[in-house]
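All remarks here apply to the structure that follows.
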Amino acid sequence: MVRDLVRLIHSVKRPSHFKQIHALVTTAFPSLASFLVRRLLSVPLVDYAREVFDRIPQPDEDLSNSLISMYARLSLHEEAMEVFRSMIRSDVCIDSYTVPPIIKSCLSLADLGLGKQVHCLAIGRGLDTDAFVQTALMNFYSRSGELAFAKTIFEKMGTKDPIAYNCLISAYSNSGDVLAARKLFDEMPNRSTASWNSLISCYACNGDYQEALRIFERMKDEKCNPNEITLASVFSICAKLGDLNAGLSAEKFIDDNNLCRNTILSTAIMEMYLKCGAVEEARRQFDKMNKRDVVTWSAMIAGYAQNGKPEQALELFESMKNENIKPNDVALVSILSVCADSGSVEACEEIGCYIESQGMASNVFVASALLDMYSKCGNISKSHQIFLNMPQKDTVTWNSMIAGLATNGLSEDAFAVYKQMIKTGGRPNDITFVGLLTACSHAGLVEMGLEIFRHMKIDHEIVPQIEHYACIVDLFCRAGRLKDAYDFICGMEVEPNAVIWSSLLSASRIHMNIELAELSVKKLAEQDPDSSWYYVLLSNIYSSTSHWQEALNVQKMLKDKKVQKAAAYSWVEVDNKLHKFLVGDSSLPRNTEVHGTVNGLAMQSTWVGHDFDSSLGL
DNA sequence: TTAGGGTTAG
């Protein structure tokens with residue numbers, strides 16, 4: 001009878017049959033409960049298995065280990081820890097099969113302290129000489145950035161298998177020590193495909209993409225069997241380099257070697273096309289995939305966003321929800337940035353409500369992108385409210401708030417947030433200072449801007465980038481100090497770019513400085529020869545200052561070059577309808593009213609002391 | 001043991 005029941009337990013599949021067997025086991029054969037738990041774990045019906053498990057008076061370590069392993073495999077790490085704790089409480093023997101899955105859970109829970117406790121426990125029970133335990137611990141320390149611990153375990157190991165080497169290579173890689181990783185790789189007796197993969201990813205993670213690709217070439221030459229993981233890394237490298245040719249030849253390698261295009265690999269290929277600007281091809285890859293996970297969707301949405309296709313990004317976001325893929329923080333951050341740039345208040349409100357309803361608003365990445373979005377559509381009070389309610393703030397949070405306040409004209413508040421950032425131990429980076437300098441620029445605080453520029457170098461060891469120089473040039477220009485701006489440009493430690501010369505040109509136009517305008521245009525023509533907008537500006541400056549001949553010369557040159565200026569327009573969305581405004585367009589339904597309002601605003605701004613520029617075509 | 005996605009400025 002018992003043997004028949006065991007056979008039955010192993011053969012049933014339907015939950016209703018399990019219930020009947022469960023009843024039989026509970027009432028007549030309690031000793032078979034362990035068999036039932038194992039069978040339920042293999043289905044897997046893990047919740048049901050747990051239910052039966054909890055009623056076994058003294059489950060042995062093998063059964064507990066199986067349950068822990070299953071929880072770890074299903075990423076139910078809290079549950080795995082709970083079983084582990086109850087094993088310790090009830091003195092169930094911890095063996096070399098218990099430690100690896102529980103260490104894996106500690107890693108997933110990002111709990112270094114807990115992992116160290118498990119390590120101590122393993123030492124106490126003499127398990128730290130077991131190869132599986134050692135490998136698990138090495139992997140744990142390697143991924144937790146604890147190089148010293150990983151090294152100690154490695155040195156203690158008797159026979160070192162390739163896995164131990166690979167873990168240590170990753171540990172060196174994570175701590176940025178590429179040379180040590182390479183040395184270890186060179187010394188390894190038996191290299192597996194994973195060893196090569198670890199080295200490639202080591203170079204890639206530390207920014208040496210060319211060397212990573214060279215290792216891949218060597219791997220092919222030496223017939224070391226690149227696999228799906230190798231290729232996923234290679235595509236990610238091609239994406240970072242924007243190297244479509246390398247990507248295409250890697251795709252050929254996949255086909256020639258019959259590698260399986262799994263979800264991760266296909267997503268990496270798609271990402272390669274996206275980063276190379278081949279959005280249509282990326283979309284074809286996306287449509288071709290038979291399985292897509294949340295990363296696939298997020299990558300495609302982000303790809304649309306980064307390639308200037310906000311409508312497609314929003315559309316795909318809707319499809320993602322319709323297919324019941326729950327958007328995670330990464331997908332939300334991309335879509336928030338799309339909404340922020342769309343200028344559509346309705347789209348912003350909608351996504352804001354969705355995020356609240358999903359309980360995602362407390363995620364630090366999502367909240368930062370959310371407050372940035374609100375400040376970009378002018379709702380600075382909502383933005384500030386989100387900022388105040390955030391339990392954690394990272395550098396991006398502080399930066400977004402500072403920049404948001406600065407661009408909304410609240411310079412004093414931007415400085416106050418910066419002071420609070422420093423006081424609470426926030427670490428400013430180069431972007432923080434772009435925000436602060438923008439605040440100075442908008443408030444006309446030239447001396448303060450210069451002081452901040454010095455302070456960032458001296459107190460925070462931040463090397464000024466071209467963006468910071470551009471802010472200072474803008475600061476001088478807005479204050480009408482064109483000569484100072486020009487002297488500053490001449491003293492810059494980096495080559496001035498088109499942004500710098502554009503600022504000077506715009507200021508020269510406002511202040512009618514022909515000499516500096518000519519100089520800026522000369523530089524812009526060198527750096528951006530395909531554009532011609534600066535010649536149009538120059539011609540306008542000549543006309544406004546009665547230099548008719550010069551104006552004609554420029555216009556003739558533009559005509560000879562057959563330059564056609566694309567008409568710029570502004571637009572606004574009201575009630576989901578887009579309204580465009582073009583210079584000289586009289587076809588608007590309420591044209592007279594629109595022009596009347598604009599003229600009224602122009603007049604009012606003159607009353608409050610603004611020098612209204614009539615040459616802007618109004 | 002080794003693999004894929006995101007936000008802040010200009």
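Numbered from 1 within each chain, the chains take letters A, B, ... in sequence-line order. Both backbone and side-chain heavy atoms feed into the values below; hydrogens, waters and symmetry mates do not.
At a threshold of 4.0 angstrom between heavy atoms, the contacts of Thr263(A) include nucleobase atoms, whether or not backbone atoms are also involved. Among the protein residues, Glu271(A) comes within range of the sugar-phosphate backbone only, with heavy atoms under 4.0 Å from sugar or phosphate atoms but none that close to a base. Residue-level contact check: Asp293(A) touches the bases, meaning some heavy atom is under 4.0 Å from a base atom. Using a 4.0 Å heavy-atom distance criterion, Arg292(A) is classed as making no nucleic acid contact. Among the protein residues, Ala369(A) comes within range of no part of the nucleic acid, since none of its heavy atoms lies under 4.0 Å from any strand. Within the 4.0 angstrom heavy-atom criterion, no nucleotide atom of any strand lies near Asn429(A). At a threshold of 4.0 angstrom between heavy atoms, the contacts of Asn328(A) include nucleobase atoms, whether or not backbone atoms are also involved. Residue Ala470(A) is out of contact with every strand shown, counting any heavy-atom pair closer than 4.0 Å. Among the atoms of the strands shown, none is found under 4.0 Å from any heavy atom of Lys393(A). Within 4.0 Å (heavy atoms only), Asp161(A) reaches no atom of the nucleic acid at all. In this structure, Lys104(A) reaches neither bases nor backbone, as no heavy-atom distance under 4.0 Å exists between it and the strands shown.
Closest to the side chain of Val330(A), out of dG6(B), dA9(B), dT1(B), is dG6(B). The side chain of Asn227(A) has dT2(B) as its nearest neighbour among dT2(B), dG5(B), dG10(B). Listed candidates were dT2(B), dG6(B), dA3(B). Nearest to the side chain of Ser233(A) is dA3(B). Of the candidates dG4(B), dG10(B), dT8(B), dG10(B) carries the atom nearest the Glu467(A) side chain, counting heavy atoms from C-beta on. For Ser236(A), taking side-chain heavy atoms from C-beta onward, the closest of the listed nucleotides dT1(B), dG4(B), dT7(B) is dG4(B). If you check dT8(B), dG10(B), dG4(B) against the side chain of Val434(A), the one that comes closest is dG10(B).
Residue Lys275(A) places at least one side-chain N or O under 4.0 Å from the OP1 or OP2 atom of dG6(B). Residue Ser201(A) places at least one side-chain N or O closer than 4.0 Å to OP1 or OP2 of dA3(B). When the side-chain nitrogen and oxygen atoms of Thr438(A) are compared with OP1 and OP2 of dG10(B), one or more of them lie within a distance under 4.0 Å. The shortest distance between the side-chain N/O atoms of Arg143(A) and the OP1/OP2 oxygens of dT2(B) is below 4.0 Å. When the side-chain nitrogen and oxygen atoms of Asn139(A) are compared with OP1 and OP2 of dT2(B), one or more of them lie within a distance under 4.0 Å. At least one side-chain nitrogen or oxygen of Gln306(A) sits closer than 4.0 Å to the OP1 or OP2 atom of dG6(B).
When all heavy atoms are compared, the tightest approach of Ile462(A) to Pro428(A) is CD1-O, 3.8 Å.
Thr267(A) contributes a side-chain N or O that forms a donor-acceptor pair with the base of dG4(B) under 3.5 Å. With hydrogens and angles ignored, a donor-acceptor pair closer than 3.5 Å exists between the side chain of Asn262(A) and the base of dA3(B).
With a 6.0 Å cutoff to the six-membered ring centre and a 45° limit on the axis angle, Lys309(A) does not count as a cation-pi contact of Tyr304(A). Cation-pi geometry between Lys160(A) and Tyr165(A) is not met at under 6.0 angstrom from the ring centre and within 45 degrees of the axis.
At whole-Å resolution of the value, CD1 in Ile462(A) and P in dT8(B) are 18 Å apart. Rounded to an integer number of Å, the gap from CZ of Arg478(A) to P of dG10(B) is 10 Å. Distance, Met270(A) CE to dG6(B) P: 10 Å, rounded to whole Å. Across the protein-nucleic acid pair, Glu228(A) atom CD and dT1(B) atom P stand 17 Å apart, rounded to whole Å. Taking atom CD1 on Ile351(A) and atom C1' on dT7(B), their separation rounds to 14 Å, with Å as the unit. To the nearest angstrom, C1' of dT8(B) lies 17 Å from CZ of Arg427(A). Atom CG of Asp341(A) is separated from atom P of dG6(B) by 16 Å (rounded to the nearest Å). Counting to the nearest Å, the P atom of dA9(B) and the CG atom of Asp430(A) are 12 Å from each other.
A donor-acceptor pair under 3.5 Å is formed between the side chain of Asn257(A) and the backbone N or O of Phe253(A).
Relative ring orientation between Phe149(A) and His119(A) is described as perpendicular, the plane-to-plane angle rising above 60° on a 0-90° scale split at 30° and 60°. Taking the six-membered ring where tryptophan is involved, the planes of Phe387(A) and Trp398(A) are perpendicular, since the angle between them exceeds 60° and thus also 30°.
With 3.5 Å as the limit, one finds no donor-acceptor pair spanning the side chains of Glu349(A) and Tyr354(A).
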